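Indexing begins at 1, ligand by ligand and atom by atom, following the structure's order. Source: prediction; values computed, not measured.
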Amino acid sequence: MRLVVDLNRCQSYGQCVYAAPTVFRFHGEESLEYDYAPGEDTRRDVQRAAAACPVQAITLGAATEPSPLAEERDR
Ligand code: SF4
């Protein structure tokens with residue numbers, strides 16, 4: 001699964017770290033680090049993290065999915 005966090009949007013609330021601690025972590029006080037391609041076994045936790053993020057900064061998709069931008073462009 002592919003995971004993207006919009007770090008410009010992220011306000012370091014940390015909800016994702018609680019929801020999926022094996023995928024998200026803080027480096028220092030406020031700098032969020034995350035696994036860009038977490039295993040499928042973490043999908044439920046990552047979905048929970050995405051739902052819990054107060055600023056909807058987390059986007060996830062299958063590794064083989066074309067990006068929405070590519071789909072838009074190809075129309
Ligand atoms: S829950 Fe959202 S705002 Fe909070 S640290 Fe995670 S990505 Fe950032």
Side-chain angles (χ1 to χ4, degrees):
M1 145 181 59
R2 197 183 48 198
L3 176 61
V4 178
V5 178
D6 183 344
L7 294 174
N8 291 321
R9 195 181 271 217
C10 171
Q11 299 292 319
S12 302
Y13 289 116
Q15 307 294 352
C16 56
V17 179
Y18 290 112
T22 62
V23 178
F24 301 92
R25 72 197 73 83
F26 282 118
H27 178 71
E29 289 276 303
E30 294 189 342
S31 167
L32 184 72
E33 286 183 344
Y34 65 99
D35 186 348
Y36 299 89
E40 278 300 322
D41 56 324
T42 65
R43 181 174 283 271
R44 275 185 74 122
D45 286 351
V46 171
Q47 284 173 332
R48 217 175 312 143
C53 177
V55 292
Q56 285 91 48
I58 301 170
T59 308
L60 67 153
T64 53
E65 266 179 22
S67 81
L69 287 176
E71 279 179 34
E72 195 70 39
R73 192 187 53 220
D74 294 340
R75 257 183 222 157

Extract all donor-acceptor atom pairs below 3.5 Å that involve side chains of residues 15-38 and protein atoms in other chains or at least two apart in sequence.
residue, atom, partner, partner atom, Å
Tyr34, OH, Val5, N, 3.1
Asp35, OD1, Ala37, N, 3.1

Polar protein atoms near atom 8 (Fe) of ligand 1 [N, O or S; cut-off under 2.8 Å] | Cys10 SG

Report yes or no: do Leu60 and Val55 belong to one cluster of Ile/Leu/Val/Met/Phe/Trp/Tyr joined by side chain heavy-atom distances under 4.5 Å?
-> no

The reported gap from CZ in Arg43 to CG in Asp45 (rounded to nearest 0.5 angstrom) is 12.0 Å

For Ala57 against Cys53, the heavy-atom pair lying closest together | N-SG, 3.4 Å

Can you measure from CD1 (Ile58) to CD (Gln47) and round to the nearest 0.5 angstrom?
-> 11.5 Å

